[in-house]
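Take a look at the structure set out below.
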Amino acid sequence: MSVKSTAAGATPARSGGRSTAAPAKARGRTARAAGAKRRGTEPELVQLLTPEGERVEHGEYSIDLTPEELRGLYRDMVLTRRFDAEAITLQRQGELGLWASLLGQEAAQIGSGRATRPDDYVFPTYREHGVAWTRDVDPLNLLGMFRGVNHGGWDPNENNFHLYTIVIGSQTLHATGYAMGVAKDGADSAVIAYFGDGASSQGDVAEAFTFAAVYNAPVVFFCQNNQWAISEPTEKQSRVPIYQRAAGYGFPGVRVDGNDVLAVLAVTRAALEHARSGQGPMLVEAFTYRMGAHTTTDDPTRYRADEEREQWESKDPILRLKTYLDKQGLADEAYYASIEQESDVLAKRVRDGVRTMENPDTMAIFEHVYADGHALVDEERAQFAEYLASFESESESESESEFEFESESESEGAASGEGR
Amino acid sequence: MSVKSTAAGATPARSGGRSTAAPAKARGRTARAAGAKRRGTEPELVQLLTPEGERVEHGEYSIDLTPEELRGLYRDMVLTRRFDAEAITLQRQGELGLWASLLGQEAAQIGSGRATRPDDYVFPTYREHGVAWTRDVDPLNLLGMFRGVNHGGWDPNENNFHLYTIVIGSQTLHATGYAMGVAKDGADSAVIAYFGDGASSQGDVAEAFTFAAVYNAPVVFFCQNNQWAISEPTEKQSRVPIYQRAAGYGFPGVRVDGNDVLAVLAVTRAALEHARSGQGPMLVEAFTYRMGAHTTTDDPTRYRADEEREQWESKDPILRLKTYLDKQGLADEAYYASIEQESDVLAKRVRDGVRTMENPDTMAIFEHVYADGHALVDEERAQFAEYLASFESESESESESEFEFESESESEGAASGEGR
Amino acid sequence: MTQMSIAKALNESLRTALDNDPKVLVMGEDVGKLGGVFRITDGLQKDFGEGRVIDTPLAESGIVGTAIGLALRGYRPVVEIQFDGFVFPAYDQIVTQLAKMHARALGKIKLPVVIRIPYAGGIGAVEHHSESPEVLFAHVPGLKVITPSNPSDAYWMLQQAIECDDPVIFFEPKRRYWDKGEVDTSAVPGSPHKAVVAQEGTDLTLAAYGPMVKVCLEAAAAASNEGRSLEVVDLRSLSPLDFDTLQTSVEKTRRLVVVHEAPVFYGTGAEIAARITERCFYHLEAPVLRVGGFHAPYPPARLEEEYLPGLDRVLDAVDRALAF
Amino acid sequence: MTQMSIAKALNESLRTALDNDPKVLVMGEDVGKLGGVFRITDGLQKDFGEGRVIDTPLAESGIVGTAIGLALRGYRPVVEIQFDGFVFPAYDQIVTQLAKMHARALGKIKLPVVIRIPYAGGIGAVEHHSESPEVLFAHVPGLKVITPSNPSDAYWMLQQAIECDDPVIFFEPKRRYWDKGEVDTSAVPGSPHKAVVAQEGTDLTLAAYGPMVKVCLEAAAAASNEGRSLEVVDLRSLSPLDFDTLQTSVEKTRRLVVVHEAPVFYGTGAEIAARITERCFYHLEAPVLRVGGFHAPYPPARLEEEYLPGLDRVLDAVDRALAF
Ligand SMILES: Cc1ncc(C[n+]2csc(CCOP(=O)(O)OP(=O)(O)O)c2C)c(N)n1
Ligand SMILES: Cc1ncc(C[n+]2csc(CCOP(=O)(O)OP(=O)(O)O)c2C)c(N)n1
Ligand SMILES: [Mg+2]
Ligand SMILES: [Mg+2]
């Protein structure tokens, strides 16, 4: 009795060590050759633009963009990066409590975000600043939670861009449920759920795969494999490439070069179309790299080598597209200068906007706990207002805000008759 | 731009309807032809004994058993079924509160259980009465929780057979952790975790796959796909065969004819050996059928057709082995009679054992909540004993049990100094 | 006015909700053809189709997580958790997402999700089928927690839960499913968050909810034979909790005993005792006493009769309170 | 006797445990090279290897579930949950398996698993990083729940938790991680489940634990300037809870204010108020008052200073209690 080969075509790799990721990267680059076989046992990266800025074709995924569209992607990425850099600066200056940088993931985010239609719905993690950009979400909205003035607070339905979700993996189920609703409504929109390589280990993500498959929900699972979950490399989450997980749940998975904005756009478009056309879910793994720290409080020197980062700098998604634009003569210095200027304007707007962002009123603690009111919240609001007022009357100094509390508390209390 | 074929070799089946399972069964039977290709896109069942009792060979899995061993498997299955039938009767008679019958799953359980070594460790669900039998667990032990005298209560380490786990899927993580410990100890034993087709949807099971793969833990995930999770057919859990899930986590999965005790034994042996030899986890899906109700409180006529059950009767695991034994002249009437007699003895032992099973003492409520004691438990125990004693002194009738409470409460209280 | 069981009242209530609002969905394990293990959803899938009454994969986090997504899309999912002990895989989605998402969005989205949980003991079941985890939800801001004790409340409170724009944890006293009572399906119900005096009395107040209301009413009857007049308050809602009604009662009776099945330690009775003591400090003739579960796992079925608070234990506490 | 921070004391305590017992394991997200996001496990993987200090996949249920399996195999896992708000995916494994398995086996197996959770607020973090879910564990039979307030307790109570044969939820007051104090690593510690009088006083007792002990000590100092003598009891253990020490204190001071960060509604203070009122009914001059979180999600960082119970709110409650 013997097990000559693995039964389901699995490739049990050696566990431990970063060896499994490295070959994948190398192999990724060989995929440049057009028409490379896609069904080999080894992971293969869909790529349409090499790190050297050369346009290559792919057997299954193609794209044909106008110069305007190409420049648009470049502009998106540059502005997103600038916004991100500004946020890091603002954090250093104490204007933000924390920032989760997307540096290095611009192509994965802009490419996938630009693949969505306005009627599609996006469920991000906490790092999708670039996707937000493509959905016309005001960048200032993203900063509220990092400044500590709210937990998000924007209207998800305004741009079909859900709130950031911090607890890892949860949003994949929300996206799946939303997609089930889309299907029920007979709408032809699709839903896209972002998550990370680390998140792929959460049970919720697996359950999302199950529900999406069973209900044939129009949802694209978009995994940005930036190769790190804080300090843990992807081998701590999986010993095979993450895109392969989809097959076991009965839907297709594909790995795309996450630093190639054209490939990401093409693959995500196809995946969304797959979903919209009633074929159910699809998993896209964008193979990319977190160039910066996990967040501004993280210190990556404790756990990863500088060389790794340096290697990835040569695959920079913005540089790559710029090289291509240059080679093709699609953009000139004047164009770049104008983008640079736009960046400056954006950065200033963000800077000014953050600095003038108002702190929430103390009594906001009691707001929006319930939609239909709750007697205890009303009681505690009133008590706390009274407590605060006792200081006011002691000091007699800020009587205005005292009135504010009282009036707010009263109007809310009245409006919030419990239950129905 | 098009998606010509699915990227990771997935076979997105149509969702809904029972169509996906049925062809699998049919295809399973074609696998009889020796050397059938195992890597087709369709699920294939490993089979060594056809429903007609014919011995067939398989390209990867083989087995060579002595007549004694073959008769042993037959005996195991018959006694297990008899035990199960007796339990159902006892439930009908009110001696048990509930019973979860394994009818139809004898081959899956005996075959896999007999593949384990004494030093292996088994994590069952709540239906593995046959596996328990192979581990020499006293059948009476299994009845305690169904009678309502305990929640299990046997010593898992006595037969390396963990307690039944009712909350679906949880035990797969315990098995994985245990296996991680086995590997740490440098032992060459393996662990086997049982779960159902329904359980395959639980996040915990997916997390168990992830941990087992990442740590290369020596654990075999043994899924008894009996095609029903209470009233829900397997299509409500997955649109592709469950064994395929393994590949996406980086380890092999195989589907075996769960009504073929030889094939189950061969495949599980191979899987356990795979684990023991340092190759990490493996998933075995035993394709079988729940012939009876989910439990004695269930009414399957509400949700499934009688014909389905009838179809499966022709694949009866015991009948199948008997036909083979008969054809080969490996057993005669005297042998069958002796097994029948053994069954009667077992049934009587179980019947008598259950009927004389003592109810736990009231004060057992407070036992074993903690290993190292807890002040509140001591306090509540004492108070409750006093409360009960107040009735005793009123009625003066059962003073013996009163003393029992008191002495028990005191000795426990003394032994349980909190913390350390 | 019709006579029906709690189970039937819940079934009718779901049927009415599915009829009235096309956005209402029923989802859970085995809610379809089987009609749920307690048959609360009996016949609903047949009448409303698989699109409205949805058998889900066996994954509670997935059920609640996708219900949240469906709510975001404008649906009003009514989720069934099969038994109390199986809600915990969904606990993260409930307390971290469902309870907080409305606040996270500063009110811009609503989460009208109802989670029905058959709870508490008394049916002779195996482990995990008899638990009373209500405080683990009532403590969490953002959730509402209610539990009916009779068919009329079962019918109306479930309607109200489904109409509510907030997430509601709806605990169903499973061992009372087959108790019958009058239901007026055309009445105008009061707030589900107001407690009601189920039995008037003057000497002591018994506060209870769900399955224990019946026990308290029986205790009141037994006590009245001994010349004691007990008032019974059916709390109905655990979040919010109607302290006003309780306070009024206790200011009259001056003594309070809280009865629930859940472990007493950090149980719902603690909050009631603490707050009523604060509100009625000068009225109370005795400390608020609590009768409930021990600090031990729910015992095997053969012990539950002794484990569960019954008439004797309630009356014992009444005696102790009156002895102060 | 050395001066060290709570963070350092915990690190030293883990180091000692790893040294003393080869069965002790440390596991969690980022506990290896990074040393955890709070550096509590700093340097441990380097010294004890990847086999003892284990970076896990990002899955809390998986972490606790496999820790249970490792405990069954004879190991003593010390699990780190990265932040309070991330424990809920593991809640099912904790309350349904970890807490109950010893009883399920009628005592035949033991589950010596410690779950370390940095908890509570005050560090200006984003959502889910500042919660106080302690009652959600303390209510559950089978778990022990303890929380140190100073470096010496941090060191010793963690040792004791690891040595304990029961599952222990070990809450670490994250905003006090950098507070320093004396630690005598050769002392013989008392029971981790005994409360201690951190400050003697006669007029009123303040009961607190974890991060709020410091606030209460400051309140006592402030009050003493006004001629009021407050006693401060550091509870240290929430399950079991040392009611004896509290009772002794309250019988002396006749007034009690309980202070915690968690929402007051069904919070830990409720149980303390209920039980102390029962025990000290004739001693109490005022109802037990509670100072704690509101029935609202933990607010954004810019509001936490006003949200968190501070000196003023504690003293306000003291005033109110003394006014009775
Ligand atoms: C349930 C849960 N556990 C732990 C954390 C803490 N945490 C925040 S981000 C992170 C790593 C996430 O890695 P990945 O999914 O790869 O996303 P990335 O940060 O790389 O974008 C962790 C562990 C969390 N937010 N939620
Ligand atoms: C977490 C959880 N949810 C629900 C249940 C109720 N329940 C008990 S058995 C069962 C179906 C299990 O199906 P499967 O995994 O296929 O095992 P089988 O009963 O067929 O052996 C369900 C839903 C449970 N025990 N645990
Ligand atoms: Mg990552
Ligand atoms: Mg099944």
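Since this is a predicted model, take the numbers as computed values, not measurements. Letters A, B, ... mirror the listed sequences (proteins, then strands); counts begin at 1. Heavy atoms only: backbone and side chains are in, while hydrogens, waters and symmetry mates are out.
- With a 4.5 angstrom heavy-atom cutoff, A/Tyr303 touches chain D via backbone and side-chain atoms both.
- In this structure, a donor-acceptor pair under 3.5 Å is absent between the side chains of A/His151 and D/Tyr298.
- Residue-environment remark: CD (A/Glu386) stays at or below the threshold of 12 foreign heavy atoms within 6.0 Å.
- Within the 4.5 Å cutoff, side-chain heavy atoms of A/Tyr370 are placed close to those of D/His295.
- Top candidate by heavy-atom pairs under 4.5 Å with chain A, chosen from D/Pro57, D/Gly85, D/Gly35, is D/Pro57.
- D/Arg39 is listed as a side-chain neighbour of A/Asp299, based on a closest heavy-atom distance under 4.5 Å.
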### Query
So D/Leu34 and A/Asp298, side-chain contact (heavy atoms from CB on, under 4.5 Å) or not? Walk me through it.
CA-CA 9 Å; D/Leu34 185 63; A/Asp298 180 39; 4.0 Å; yes

### Task
Could you give me the CA-CA distance, side-chain angles and deciding distance for A/Tyr387 and D/Asp312, then say whether side-chain contact (heavy atoms from CB on, under 4.5 Å) is met?
CA-CA 10 Å; A/Tyr387 164 77; D/Asp312 286 335; 3.1 Å; yes

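- Looking at D/Phe294, the atoms closer than 4.5 Å to chain A (heavy atoms on both sides) sit in the backbone and in the side chain alike.
- Between D/Phe265 and A/His374, the two ring planes are perpendicular [angle over 60°; tilted spans 30° to 60°].
- By the 4.5 Å heavy-atom criterion applied to side chains, A/Ile230 and D/Glu29 are not counted as neighbours.
- How far CH2 of A/Trp228 is from CG of D/Asp30: 10.0 Å, rounded to the nearest 0.5 Å.
- With a 4.5 angstrom heavy-atom cutoff, A/Tyr126 does not touch chain D via any of its atoms.
- In this structure, A/Thr362 OG1 and D/Tyr307 OH are separated by 14.0 Å, a value rounded to the nearest 0.5 Å.
- No part of A/Asp204 comes within reach of chain D, as not one of its non-hydrogen atoms sits under 4.5 angstrom from that chain.
- Interface remark: A/Arg304 contributes no atoms to any contact with chain D (heavy atom separation under 4.5 Å).
- Contact annotation for A/Ile365: both backbone and side-chain heavy atoms come within less than 4.5 Å of a heavy atom of chain D.
- If you take NE2 on D/His128 and CD1 on A/Ile166, they are separated by 5.0 Å, rounding to the nearest 0.5 Å.
- Around the CD atom of D/Glu50, the shell of radius 6.0 Å holds no more than 12 heavy atoms that belong to other residues, nucleotides or ligands.
- For A/Phe384, the part lying near chain D is the side chain, with the backbone staying farther off; criterion is any non-hydrogen pair under 4.5 Å.
- The residues A/Asp361 and D/Arg302 are annotated as not salt-bridged, no charged nitrogen and carboxylate oxygen being separated by less than 4.0 angstrom.
- Of the inter-residue distances, the one linking D/Asp55 atom CG with A/Glu235 atom CD reads 12.0 Å to the nearest 0.5 angstrom.
- Minimum interatomic distance between D/Pro300 and A/Gly148 (heavy atoms only, all atoms of both residues): CB-O, 3.1 Å.
- You'll find the side chain of A/Arg302 reaches within 4.5 Å of the side chain of D/Asp42, heavy atoms only.
- Proximity to chain A (any heavy atom under 4.5 Å) is restricted, for D/Gln82, to the side chain, taken from C-beta onward.
- For the atom pair OG of A/Ser200 and CG of D/Leu58, the computed distance is 8.5 Å after rounding to the nearest 0.5 Å.
- With chain A as the partner, the residue from D/Val37, D/Thr56, D/Val264 showing the most heavy-atom pairs under 4.5 Å is D/Thr56.
- The side-chain heavy atoms of D/Lys33 and A/Glu232, taken from C-beta on, include no pair separated by under 4.5 Å.
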